[in-house]
Amino acid sequence: MRVLLAAVSVLLASPAIAQEAVTSTQFDSHVARDPAFGDIAWHVDNVNAGVKGPLVVWLPGSGAYPHFQNFSDGGRGTSFPRELLVFRDRAHFMLVDKPGLPFVAEMRFDETSGRPIQLDNPAYRAGMSRDTLIARTAIAISAARAALGDKVDRVVVIGGSEGAQYVFAVAGLAHADKAVAWGGLALPQYYDFIIDQRLRAERGEITRAEAQASVEEVFASIKAIQADPLSLEGSFIGEPNRRWSGFGPHAVVDDMLALDVPLLLVQGGNDPKAPIINTDFAMVAFLSRGRTNLDYWVYPEVDHGFRSPDPNNPGKKISIAGEIWGRVWEWVMAPSQGRPMS
């Protein structure tokens with residue numbers, strides 16, 4: 001078990017394929033049909049498709065965004081870190097569509113918010129429960145195992161942001177060999193909102209009385225969600241009750257402790273979207289139980305987007321995503337033993 005304060009000075013060499021853009025045509029699409037969950041579209045890269053290697057399953061962050069996003073100005077967006085996909089010539093990278101969303105779509109941009117306009121729709125909202133996402137992903141992984149056969153030598157599930165909140169549950173259900181989370185949490189997501197208000201008060205941004213008033217509002221929202229947990233009309237921070245009633249109260253550390261395969265938690269110390277105060281609890285839980293299958297890498301100055309302060313330009317940030325995902329890839333490929341606990 002290692003607790004690492006990761007330095008950012010050594011960049012890992014990237015393979016030659018890193019220079020090539022990742023496109024939707026580099027994936028073959030499949031459908032798993034399930035009586036309970038309907039058609040589940042999944043996609044696996046076709047770069048060096050005959051290679052024997054890991055099946056690496058990516059679980060994306062929040063929002064109604066397809067895996068590939070095309071914009072009218074020629075811009076492109078993806079749901080996954082391109083820096084991880086540079087290793088696709090030695091693995092089978094897998095993406096699973098969220099309910100109600102296409103694999104690739106033409107997108108519009110909201111100039112006011114500076115973000116793409118989400119493809120929100122009833123099917124997406126109805127399918128965005130934690131249990132549904134976990135089950136759909138596990139079903140798709142089973143289908144991919146069957147389709148790829150002996151070309152898969154291990155299964156690794158990787159989740160970022162919202163994906164990090166259910167990656168360990170998927171790993172257990174799918175009998176994965178390793179699991180990785182970036183920008184996730186250990187304690188319930190509801191607690192993040194309380195942490196934020198308490199820290200704002202301690203920094204002097206608001207008074208403690210104002211923080212308490214905001215915390216009481218969080219409590220009231222939780223009560224309202226739990227009173228109508230499956231509602232698609234009631235919402236909190238733009239997502240329906242159905243989503244929050246599953247994700248909000250769940251402690252991800254429970255999913256982690258249910259596994260004895262190698263686990264990796266990667267966290268930025270300057271990530272307001274996933275406060276490290278929440279994530280630190282995972283290591284406390286493992287250490288206090290004498291568990292040794294969690295590696296916890298902390299990048300103290302890194303934010304949610306893999307950016308750290310630029311030492312040559314005060315006030316500016318630079319991406320170190322290539323370094324982080326290069327280290328993750330080395331961890332993925334390292335030999336390991338163990339299976340999920342029954």
Side-chain angles (χ1 to χ4, degrees), residues 1-22 45 53-54 56-62 67 77-91 93-95 156-168 171 176-186 252 256 262-280 282-283 293-313 316-334 336:
M1 183 180 297
R2 304 184 298 277
V3 183
L4 301 179
L5 296 179
V8 297
S9 57
V10 180
L11 292 177
L12 298 176
S14 297
I17 199 169
Q19 306 305 318
E20 301 177 9
V22 183
D45 81 276
V56 179
V57 186
W58 171 253
L59 309 184
S62 62
H67 291 298
T78 61
S79 73
F80 52 84
R82 294 173 184 265
E83 296 84 358
L84 178 61
L85 268 288
V86 302
F87 302 103
R88 65 193 184 278
D89 61 332
R90 60 199 73 175
F93 279 92
M94 179 179 176
L95 304 169
V156 181
V157 189
I158 304 178
S161 195
E162 182 177 85
Q165 295 182 51
Y166 64 102
V167 62
F168 301 110
D177 299 280
K178 291 186 177 184
V180 182
W182 160 265
L185 39 73
V252 175
M256 300 171 71
L263 309 178
L264 174 61
L265 193 56
V266 188
Q267 191 70 26
N270 185 27
D271 185 350
K273 294 183 179 180
I276 196 168
I277 293 174
N278 185 321
T279 316
D280 284 338
M283 200 52 151
N293 61 310
L294 174 63
D295 289 335
Y296 186 29
W297 298 352
V298 176
Y299 289 77
E301 301 300 329
V302 170
D303 64 15
H304 203 61
F306 300 90
R307 298 171 300 177
S308 65
D310 185 346
N312 299 317
N313 295 286
K316 302 293 184 179
K317 292 186 175 184
I318 56 173
S319 173
I320 62 167
E323 176 195 348
I324 293 173
W325 287 116
R327 290 188 66 219
V328 169
W329 180 254
E330 288 190 345
W331 183 91
V332 165
M333 295 302 292
S336 63

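Please read these numbers as outputs of a predicted model, since none were measured by experiment. These values consider heavy atoms only, across backbone and side chains, with no hydrogens, waters or symmetry-generated copies.
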Using side chain to side chain contact (heavy atoms under 4.5 Å, CB included), reason through W297 and I324 one step at a time and then give a plain yes or no. CA-CA 10 Å; W297 298 352; I324 293 173; 5.9 Å; no
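Side chain of K316 to backbone of D310: no donor-acceptor contact under 3.5 angstrom is found.
The CD atom of Q267 sits 11.0 Å away from the CD1 atom of I277 when rounded to the nearest 0.5 Å. Rounding to the nearest 0.5 Å gives a distance of 9.0 Å between CG of N313 and CD1 of I318. The distance from the NZ atom of K317 to the CG atom of N270 is 5.0 Å, given to the nearest 0.5 Å. To the nearest 0.5 Å, the span separating CH2 on W58 from OG1 on T78 amounts to 9.5 Å. Interatomic distance, CG of L84 versus CD1 of I158, reported as 5.0 Å (0.5 Å rounding). Between the CG atom of D271 and the CZ atom of R307 there is a distance of 10.0 Å, given to the nearest 0.5 Å.
Shown here for R88 and A21, the closest heavy-atom pair between the two residues is NH2-O, 3.7 Å. Residues I276 and G269 share a closest heavy-atom pair of CD1-CA, 3.9 Å. Pairing each heavy atom of A164 with each of V252, the nearest pair is O-CG1, 4.0 Å. Nearest heavy atoms, A274 versus G183: CB-O, 3.3 Å. Considering all non-hydrogen atoms of both residues, V157 and A171 come closest at CG2-CA, 4.3 Å. Here the closest non-hydrogen pair linking M256 and F168 is CG-CD1, 3.4 Å.
Between F87 and W329, the distance separating the two ring centers is shorter than 6.0 angstrom.
Using a 30° and 60° split on the angle between ring planes, W325 and F306 fall in the tilted class, from 30° to 60°.
Put simply, the side chain of T279 reaches to within 4.5 Å of the side chain of L265, judged on heavy atoms.
When each of Q165, E162, K273 is checked for a side chain to side chain contact (heavy atoms under 4.5 Å, CB included) with S62, only E162 meets the rule.
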